[in-house]
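Each ligand, and each atom within it, is numbered from 1 in the order the structure gives. Count residues from 1 along the sequence.
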Amino acid sequence: MDISIILAAGEGTRMKSKLPKVLHRICGRPILDYVIRASKNANIEKNYVIVGHGGDVVKESFKGTDVLFIHQPIGENYPYGTGYAVMQAIDYIYDNSNVVILYGDTPLITENTIKKLMEYHKDNKYDGTVLTAYVDDPTGYGRIVRDDKGQIMKIVEHKDASPEEIKIKEINSGIYCFKGKLLKDALSKIDNDNAQGEYYVTDVIKILKEEGHRVGAYLIDDSREIYGVNNRVQLAFCEKIMRKRINEGHMLEGVTIINPENTYIEPGVKIGRDSIIYPGAILVGDTTIGEDCIIGENTRIESSQIGNGVRIYSSTIEESIVGDGCRIGPYAHLRPNSRLGKNIRIGNFVEIKNSTIGDNSKAGHLAYVGDADVGKNVNIGCGVVFVNYDGHSKHRTLVEDNAFLGSNSNLVAPVVVREWGYVAAGSTITHEVERESLSIARARQVNKIGWVNEKGLKREK
Ligand code: UD1
Ligand code: CA
């Protein structure tokens, strides 16, 4: 069985944050989550994450997943270094497994690259393979030192490199694949006799080579994949690349994104063909959008299911379901657990919460629909308020099919409007509106003729 060891015990000081570095998010997911997913998608069954600083917090945030955490002891009395980190997992390394070593702070690594590294490692029957890249500025990275036949000999850290070695532009990504047994043997032989006084996992390469084992280097084309996050500038850089990847993925599957630069789509979101996404859209969480939709400017959709042919403009939709052909916005707000049927019109400044609305119903302007079950073909007039809260508890309102709620009426829950029931404009309804009836619940109009002159109220122009 293949396993991965993901190193994530470093402090991440340069993030200047209370939050452990690997929990900072790009495109809505923790950095570490991307690495774990890439590893799993590369068919690595067991994934061990080495945590140190903030380890409990990191572990807690992956509760309920099958990721395994190992605590690396951190502090002045303990050794440090990538080699020491890998040693923490030594009891979990099978002799006959391939062990892929990854970093928890490189979210751009892809499953494809991990797969290719493993294939290269296996096909060439290497005992250890390191993923390398050419970079313009290799400052700070370990350098790949090759012999005159081009075979990798060792990796030297920047701080330990000779003036000749410093010039090398092929760098160590920090990602490797090793045969389990040989990795364990070599780890027992590394020391911390180097410029940083750390145990370097890079020394495993040198030891394997010295002992006559086969060591390979797999060169990656796109060095951005191994880009690590150390500060928030790098965090934003990774976010930008990830966003581009996600958006291009959708575009190549038939979604039009007018301006991908300012369209924010999280990795879990699914979008059907021929949907068009306008600038400023933010699509997050477990969201599905159907085909032929228009997701208009500045629309936020969070963990919601949107049907086909839906048009939404400048609106916010949270944890809700929207049926085919609905038209929403501008400036509508669907709060959690709103379930809309088909061809519904929700217009400007309408808020819906924890309610179902049947097919072809309309709430065109300025309404609040909370804790209600609204049937089909219902007209919710301008300014209608479902009065669901009495200051103590919430109550539900039932409005049956074909009812008509006149403008500026209040439905004081719990209350029922029966089929074809009409509520007169301006009514405050506290009792059932019966089937096929009109309910008027407001004071009758009184006209006082000549009242203005009687009171002498005319003003000088
Ligand atoms: C390491 C490599 C270097 C490579 C570079 C790529 C070594 C000795 N050097 O250097 O060749 O070019 O990565 O980025 O391996 N970590 C732990 N526990 C530890 C120490 C580190 O979990 O005790 C984790 C860190 O959280 C980090 C990763 O290992 O995710 C790399 O550690 P870091 O100290 O940044 O290594 P570099 O000095 O950058
Ligand atoms: Ca580093």
Residue Y103 vicinity, atoms of ligand 1 by number, heavy atom under 4.0 Å: 1 (C), 2 (C), 5 (C), 6 (C), 13 (O), 14 (O), 15 (O), 28 (C), 29 (O), 31 (C)

Non-hydrogen atom of G52 closer than 4.0 Å to ligand 1: no

Under-4.0 Å heavy-atom contact with ligand 1, by part of E157 that carries it: side chain

Y199-Y80 aromatic ring centre distance below 6.0 Å: no

Heavy-atom donor-acceptor pair, D127 side chain to R214 backbone, under 3.5 Å: yes

Geometric N/O contact E198 with ligand 1, under 3.5 angstrom: no

Mode of D105 contact toward ligand 1 - side chain, backbone, both, neither (heavy atoms, under 4.0 Å): side chain

Whether I171 lies under 4.0 Å from ligand 1, heavy atom: no

Option with minimal heavy-atom separation from atom 17 (C) of ligand 1, where the choices are A85, S173, A133: A85

Region of K21 engaging ligand 1 - heavy atom pairs below 4.0 Å: neither

Check: L23 and I31 side chains under 4.5 Å, non-hydrogen atoms: no

Within-cut-off N or O pair, T82 and ligand 1, under 3.5 Å: yes

Contact check, Y84 vs ligand 1, heavy-atom distance below 4.0 Å: no

Candidate pair D56 and E60, rule side-chain contact (heavy atoms from CB on, under 4.5 Å), full reasoning: CA-CA 6 Å; D56 290 331; E60 181 65 23; over 6 Å; no

Polar contact flag, side-chain donor to acceptor under 3.5 angstrom, D373-T356: yes

Donor-acceptor pair, side chain of T65 and main chain of F62, under 3.5 angstrom: yes

Qualifying residues under ring pair (Phe, Tyr, Trp, His ring centres under 6.0 Å), relative to Y218, sequence neighbours excluded: Y120

Derivation of the side-chain contact (heavy atoms from CB on, under 4.5 Å) call for H121 and N98: CA-CA 9 Å; H121 172 81; N98 290 296; 3.2 Å; yes

G228 near ligand 1 by a heavy-atom separation under 4.0 Å: no

Enumerated ligand 1 atoms positioned under 4.0 Å from heavy atoms of Y200: 8 (C)

T110 and N112 side chains, donor-acceptor separation under 3.5 Å: no

N or O pair under 3.5 Å between A9 and ligand 1: yes

Which of the ligand 1 atoms, numbered from 1, are nearer than 4.0 Å to a heavy atom of G142: 3 (C), 4 (C), 11 (O), 12 (O)

Test of proximity, G140 against ligand 1: N or O pairs below 3.5 Å: no

Heteroatom proximity flag, G10 to ligand 1, N/O under 3.5 Å: yes

Test: K59 cationic atom under 6.0 Å from F69 six-membered ring centre, within 45° of axis: no

